[in-house]
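Here's the structure, in structure tokens; my notes come after.
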Amino acid sequence: MTPPLRIAVLASGRGSNLAALIAARDAGTLPVEFTLVASDKASAGALRLAEAAGIPTLALSPRSYPDRRAFDLDLFARIADSGAELLVLAGFMRIVDGAALAPWAGRIVNIHPSLLPKYRGLHTHRRALEAGDAEHGASVHFVTAELDGGPVIAQARISIESGDDEDALAERLLPLEHRLLPAVIALIAAQRLALGPNGITLDDSPLTRPLNLSGTQLSR
Ligand code: GRF
């Protein structure tokens with residue numbers, strides 16, 4: 001049997017996606033071991049969730065560093081020291097310096113609340129509404145130095161209903177995020193999905209478009 005994948009999670013906020021990962025591990029559907037949960041905010045709910053689950057935590061303040069690169073290099077070095085094989089960004093609200101990312105190429109993923117490549121950056125729900133889109137969603141992608149620009153692994157979709165506002169969309173999307181992220185990490189943990197020189201492969205064949213979440217399952 002493959003040993004559990006050692007993962008670290010970076011989060012700036014409440015940590016509901018982290019909670020979903022912990023729940024999936026506890027349910028036996030996600031073979032991972034959490035080496036560290038780290039945050040740029042000492043007050044992040046994600047840190048409290050990790051403490052309650054007995055996972056080591058780390059809070060570092062960007063203000064204690066001369067610049068972004070110095071902060072990112074120290075943070076990512078400490079994550080490497082934790083023994084993590086994969087780094088999961090789950091609501092980490094910072095742009096990461098390319099020099100810190102380089103050693104993690106192909107080993108770092110992010111969950112973003114839009115159907116990438118649409119709406120990189122902030123206020124994704126508002127922007128989907130303003131554009132009059134018929135559907136919205138969330139994406140999990142490999143992280144590169146380009147903000148929300150790395151290869152997309154999988155997406156979950158919802159339709160936009162008349163009368164939806166930002167909060168309603170966010171609330172309807174979140175439970176799908178909570179299924180999408182563990183499902184993607186499970187494929188990586190099973191060594192079925194990886195990022196290679198020619199893009200993402202699943203079961204050794206190229207992924208030509210993002211996987212789609214249906215229920216709790218991902219399919220081509
Ligand atoms: C999620 O919507 C995620 O897609 C985005 O930030 C939010 C984090 O929520 N990147 P939580 O902290 O996991 O509850």
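Start at 1 and go down the list; that is how both ligands and their atoms are numbered.
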Here the atoms of ligand 1 under 4.0 Å from any heavy atom belonging to Glu177 are 1 (C), 2 (O), 3 (C), 4 (O)

So side-chain hydrogen bond (donor to acceptor under 3.5 Å, both in side chains) across residues 211-220, not counting sequence neighbours, yields Ser205-Arg220

Residue, atom and distance of the protein heavy atom nearest atom 9 (O) of ligand 1 read Arg14 NH2, 3.3 Å

Q. With only distance considered, is Asn17 within less than 3.5 Å of ligand 1 through an N or O on each side?
A. yes

Q.
For Ala138, state whether at least one heavy atom is located under 4.0 Å from any atom of ligand 1.
A. no

### Task
Compute whether any side-chain donor of one residue and acceptor of the other, for His178 and Ser16, lie under 3.5 angstrom apart.
yes

Original post:
Got a sec: does the CG of Asp204 have more than 12 other heavy atoms crowding it under 6.0 Å?
Top reply: no

Smallest heavy-atom separation, Leu18 atom then Ala46 atom, equals CD2-O, 3.4 Å

for atom 10 (N) of ligand 1, nearest protein heavy atom and its distance come out as Ile111 O, 3.0 Å

Here the pair of heavy atoms bringing Asp148 nearest to Gly121 is OD2-N, 2.8 Å

- request: Please determine if Asn110 has a nitrogen or oxygen closer than 3.5 Å to a nitrogen or oxygen of ligand 1.
  value: no

Taking only non-hydrogen atoms of Pro113 and a 4.0 Å limit, the atoms of ligand 1 in range are 4 (O), 5 (C), 10 (N)

Numbered in order shown, the ligand 1 atoms found under 4.0 Å of a heavy atom of Gly91 are 6 (O), 8 (C), 10 (N)

Heavy atoms of Ile160 and Arg172 approach each other most closely as CA-NH2, 4.2 Å

message = Regarding ligand 1, does Gly15 bring an N or O atom to under 3.5 Å of one of the ligand's N or O atoms?
response = yes

Smallest heavy-atom separation, Pro56 atom then Thr35 atom, equals CG-O, 3.5 Å

